[in-house]
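Scroll down for the structure; my scribbles are underneath it.
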Amino acid sequence: MTAPKSFAGMLAIHRTDFPADFRWGCSTSSYQIEGAAHEDGRGESIWDRFCATPGKIRDGSNGDVACDHYHRWPEDMEMAKGLGVNAYRFSIAWPRIFPQGVGAQPNAQGLDFYSRLVDGMLERGLQPWATLYHWDLPQALQDQGGWVKRDTVDAYLAYTDAVTRHLGDRVKHWITHNEPFCSAFLGHHEGNHAPGIRDHAAALQVCHHLLLSHGRAFPLIKRNVADAKVGITLSLHPISPATQSAADVAAAVRHDGTRNRWFLDPLYGRGYPADVLQMLGKLAPTVQDGDLAAIATPADFLGVNYYFPETVADAPGQGVTQSRIVESHDVERTAFGWEVSPQGMTTLLDRVHRDYAPGDIYLTENGSTWDDQMLPDGTVNDAQRVSYLARHLGAAKQAMALGVPLKGYFYWSLLDNFEWAEGYIRRFGLAWVDYATQKRTLKASGHWYANFLKG
Ligand code: FCB
């Protein structure tokens, strides 16, 4: 694999700028790539149901086939190996393990699939990083109230127990949850993600149960897996006020409270932030004795997914935070409209490290979507993604120079895939997927990453 000549100048960042033991990877998730929705005993997930509801997914698609990774995983692992990464982050589909959410016995075919996949990674020198929950709750549990119900925490623990017993001899890195903000608030407050509920109080209760399940899973995984490293992945944003007015500054603090501190404070032993609890009033979740101590169980690492910064202005009367996100002008944006700010990543990592000292930090996702085109000669010249990637690696290096114990970087994503409510419109991959033929083609960014990793 050689990088196109036009990108040679962007190689201002080198692998040797990072420590030799730095983890280099790429990320995916089960529902976004696997397909095989009705095979080998897999049960229905909330995303199957959500996609089947008219009007929910922009292009009317679903994850029934997606990238057909369930059948093509050897080719995908070969591609990851070819990139030169030494780690691969994937997620396990709960409905493949317990099709009804709970059960006396896990589904052997589901466990076998992940067992083969993990063996395939190890054979290729890829360290497996497994996420236990990347949003695909079994629909049967949703029918009984889903994450709003405390019982779902117990179901999650039983699922985690089965998976970690089965794979724990080979998988040592476990992420309990991916972005509880999205599962809780996009799924239950904004309603634009599965299960499509719009109820702020419910979302806050869901969020509490997600965090509780993380804390309670921790000792269980440690018991089942010798030498396990266990953490959680949060989607975090650096937040700044639109102006230096006292009102905007205070609004930014309120927004940061719901967006970042609401997760970080309880995870790092401070309980839910008092200012946010006060704003929430009656919406605040029910918290039982011992919950906060469980959530604060010290984890081995923190996973950070970084995509964009947020600028916030005071907005009296708007939501509980009385604030609004301001679209700053004259900034570079991805095709999704997300502001591109490598500097924001440095600021965020530095802040998290200084305010919470979580110990080892991994960037478990970072990536971008552009209007990629497959050219007649069969190449995809995604110069913007190359630039994005190179600059964010520079920002990672800067954060480390500030003293942040950053230990690894996982690019989102290996492949173009099903981007939730946006369907297949948004391409985030280092490899282009032709959904009609399932052919994978490494984009210029994939070549660039491979070249970077080669040194
Ligand atoms: C993150 C999700 C991931 C993917 C990227 C673009 O919020 O964790 O599944 O959709 O955004």
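Counting starts at 1 for both ligands and their atoms, in listed order.
- Closest to atom 10 (O) of ligand 1, if we only count protein heavy atoms, is Glu419 OE1, 2.7 Å.
- Figure legend: cation-pi geometry between Arg427 and Trp432, with NZ or CZ positioned under 6.0 Å from the six-membered ring centre and within 45° of its axis.
- Residues Asn451 and His447 are not in side-chain contact: their nearest non-hydrogen atoms beyond the backbone lie 4.5 Å or more apart.
- Residue Asn178 approaches ligand 1 through these ligand atoms, each under 4.0 Å from one of its heavy atoms: 8 (O).
- The number of heavy-atom neighbours closer than 6.0 Å to NZ of Lys222, taken from other residues, nucleotides and ligands shown, is above 12.
- Proximity of Asn62 to Ile57: side-chain heavy atoms (C-beta onward) are nowhere separated by under 4.5 Å.
- Nearest protein heavy-atom contact of atom 5 (C) of ligand 1 is Tyr307 OH, 3.2 Å.
- Other residues, nucleotides and ligands contribute over 12 non-hydrogen atoms within 6.0 Å of the NZ atom of Lys172.
- Under a 4.0 Å criterion applied to the non-hydrogen atoms of Phe428, ligand 1 contributes the atoms 6 (C).
- By the 6.0 Å contact criterion, CD on Gln100 is open, its count of non-hydrogen atoms from other residues, nucleotides or ligands being 12 or less.
- Heavy-atom separations between Arg426 and ligand 1 are all 4.0 Å or longer.
- Those atoms of ligand 1 with a heavy atom of Gln32 less than 4.0 angstrom away are 3 (C), 4 (C), 9 (O), 10 (O).
- Remark: minimum distance from atom 3 (C) of ligand 1 to any protein heavy atom is reached at Glu365 OE1, 3.3 Å.
- In summary, the atoms of ligand 1 found under 4.0 Å from a heavy atom of Trp420, numbered by their order in the structure, are 3 (C), 4 (C), 9 (O), 10 (O).
- Within the 4.5 Å cutoff, the side chain of Leu393 has heavy atoms near those of the Tyr409 side chain.
- Within the set His134, His193, Glu179, the minimum heavy-atom distance to atom 7 (O) of ligand 1 is found for Glu179.
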